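Okay, so here's the structure we're looking at.
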Amino acid sequence: MKRKSIIWQLMVYVVAVSLVAITSAWAGERDGITSKNVKIGILTALTGPAALYGKECASAVQLYFKMINDKGGLNGRKVDTIPVDGAWNPATAVGAMKILIYKDKVFVANTFGSQATTSTYNMIRKNNLPVQVIGPVSTLYNPPRKQVFCVETSYKTETIIGVKYVMETMEAKDPKFGIIYIDDVGGRGSLEGLRAALNIYGLKAVSEQSYSRGTTDFSSQVINLQRAGANYVILWALTGEVVQILKQANALNYKPQFIGLSPCTTNKLIQLAGDSVKGFFTVSHTALVDEDVPGMKLIRKVAQKYDMKPGVTPYYYHSWAMAKVWDTAIRMAEKKGDLTRTGVIKAMERIRDLDTGGILPPINFSPTQHQAGTMARVTKVDMKTKRFVPVSGWIEASF
Amino acid sequence: MATCGQFKTTYREDIKVWKTLWLKSWFAFLFMLMILFPILNPADCYLLYITNICGIAVIGSIGLNMLSGVTGQISIGHAAFLAIGAYTSAILTATLKFPFPIALIISGFVAALLGLVVGLPSMRIKGLYLLLSTMAFYFITLYVLVHWKSLTGGVEGIEVQTKIGSFELDTDLKFYFLIMPIVVLLTAFARNFLHTKPGRACIAIRDRDIAAETIGVNLFKYKTIAFGISSFYAGIAGSLFGHYIGWITPEHFPFSLSIEYLAMIIVGGLGSVLGSIFGAIFIIAVPEGIRLISHFLSNIYPDVIMKFIDLKGVIFGLIIISFLVFEPEGLAGRWEKIKIYFKNWPYAY
């Protein structure tokens, strides 16, 4: 009996040690580029509250490189796009990035969301992994971090442009600015932009109202703005939230000039908000979904070719532009004979006036500037056609 | 004369941690495995990362189990204590330049101190009302973290580095050898605590507080002790998490994290240290496993990840519901049944 027990225990030992040995065979490393293929990772949110946006980010990059692969690949290399789910959760994002770096050994990667990037930044730095981020948080680019790039215009800059438009183009008389912003990195960026811009004109916001994610009732914020007499109100909010704010303001007969930013520049907003969206305008750094600029036409054409639907959010088009940036940077690095991660980073820093066919303003990076976006446009709701129409060209944030 | 079963003739024998030679040899094997496992892996890899995150979750879930499983005080503010630990440690190391080991210990005590404060109303309020007060504490903590920008960095958070002297902990392997000894130490403490006077008092409070008070248990004292110990564990877990991730923001501590910790102790087994370990590993490893499966499948069928990923939540939910329905005692309960089965095998009893 005792002997049987010892044999049994030994067997368990052997199985357990073998399991450890098998799992350790997972080891491996780096680079992600061969003469035949190049791997591009996409750390995005395929599940969770931001899944709609996250999936579009992955789809756009996949569509772009499908087109490139059909044209013979990136200098003859097939591009493999590898999406992983960060679920809009910092801890999950770290695990996802580990998969991309240590298992799939991607060459470069996109990340979706500033918290996904901050959580994985140590890994990005240590592995010298070039990344492009959807999430224009100033701390990530100011001062510039070697591996981190962003094609977007920050919410801070968009807000500054919004104030500049009101003050200089609309020539507002007795403007009293207010803001409703979500209490996160994006919203706070917008608040900073408002304060900075108003400071230049010697003004101060009459009311600053924040809200938490998941809020559906904005009546207290709207009433506070009304009491403070704000006649220009910046909104850093997503489409559904803007709809609620506009409807609640309308119900209270409060009719200031509301100014949204790029996250709510979707035609869905016009459909949902009804008459309360009348006169609404936004500041956005992305071309409108139904705009006939060459870049948007190309996306529609390629999507149709592969029987896919183009995205409905700005993030889809940002991601397409990001794919174009990788395409350009990798080709530039190869031309310089330095097809390494460092080579790609250097190539990124040499990108000047990259034309995305009007999807974004021309993209410029340099060793001191890793956030390309410095411009945005103003768009206004056209109640006849129920869509946004641009009312300005690209405006610089500088004064 | 050969005997069957274990016979104890003193209380000291009954509360021994290492009861049998068999148990000792298993623990020796476990320690050997814990040392071999990281050495056989590269210094940075996904598997070590998951192991480290499981280790941190084990510390946090043991803490919550001491409060909710052992003492019967339900809390959904655990994420707040994790955040307090993480921020205390980050502020001490990044701003005040404290050495990491000191910051780690202080973060545990700061969380424990606040835990004692949160525990004060537990004398007057119970059940769902206590649950609501811990929830309120979570939201107050989050508000402070977001708005006290000069101290916490606001929504942009704090970037932290982990150094012990000039030695930087910058790989999964180094963190493994930091986290695992702490896991072992805190697990051993929790296991022993249950056999001490305060431990038994906490169990008595959970089983029937009026009866416990009748036999002389000071409810106020032991409930606040439970809150303190639970928060201490959470503070340590939070500190380790913050340093491991390297950058903390309030978004790292969502309300759902508290729910996740509750799920860990329910799935693992309420009131059981082993259950906390099983539960933490289960809640962390199963979603990762599902993600890995979908990832592997995507190599064969490129579009599968986009379709399969939506099922992730459904599969995870089904597994948890199945456990609650078929094994209400949690994974620890199932483990006990398996042990008894093999002990009696080939007999049914």
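Keep in mind that what you see is a predicted model, and the values were worked out from it rather than measured. Per chain, numbering begins at 1; letters A, B, ... match sequence-line order.
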Checking A:Asp184 against chain B: side chain, backbone, both or neither under 4.5 Å from a heavy atom?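 For A:Asp184, heavy atoms of backbone and side chain both lie under 4.5 Å from chain B.
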
Which atoms of A:Thr81 are under 4.5 Å from chain B, going by heavy atoms: the side chain, the backbone, both sets, or neither?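 Answer is neither: A:Thr81 stays 4.5 Å or more from chain B.
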
Under a 4.5 Å cut-off applied to non-hydrogen side-chain atoms, are B:Ile236 and B:Ser239 in contact?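 Side chain of B:Ile236 against side chain of B:Ser239, heavy atoms only: no contact under 4.5 Å found.
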
When the ring centroid of [X] is compared with that of [Y], is the distance short of 6.0 Å?
{"X": "B:Phe342", "Y": "B:Trp345", "value": "no"}
{"X": "B:Phe253", "Y": "B:Tyr138", "value": "no"}
{"X": "B:Phe255", "Y": "B:Phe139", "value": "yes"}

Would you mind checking which part of B:Ile53 comes under 4.5 Å of any heavy atom in chain A, side chain (CB onward), backbone (N, CA, C, O), both or neither? neither

Quick one: side chain to side chain donor-acceptor pair (under 3.5 Å) partners of A:Ser119, sequence neighbours excluded?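 Result, side chain to side chain donor-acceptor pair (under 3.5 Å) vs A:Ser119: B:His252.
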
Side chains of B:Asp172 and A:Tyr102: do they bring a donor and an acceptor to under 3.5 Å?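 Side chains of B:Asp172 and A:Tyr102: no pair found under 3.5 Å.
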
Please test B:Glu159 against A:Arg145 for salt bridge (charged side-chain N to carboxylate O under 4.0 Å, His left out), starting from the C-alpha separation and ending with a verdict. CA-CA 13 Å; B:Glu159 195 177 352; A:Arg145 293 168 192 264; 3.3 Å; yes

Contact residues of residues 140-150 of chain B (partner chain A; heavy-atom separation under 4.5 angstrom): B:Val146, B:His147, B:Lys149

Begin with the C-alpha distance, continue with both residues' side-chain angles, and end with the deciding distance and a verdict on side chain to side chain contact (heavy atoms under 4.5 Å, CB included) for A:Leu100 and A:Met97. CA-CA 5 Å; A:Leu100 286 180; A:Met97 186 57 103; 4.3 Å; yes

Which of B:Tyr244, B:Trp247, B:Phe241 touches chain A most, by non-hydrogen pairs under 4.5 Å: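 So the answer, after comparing B:Tyr244, B:Trp247, B:Phe241, is B:Trp247.
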
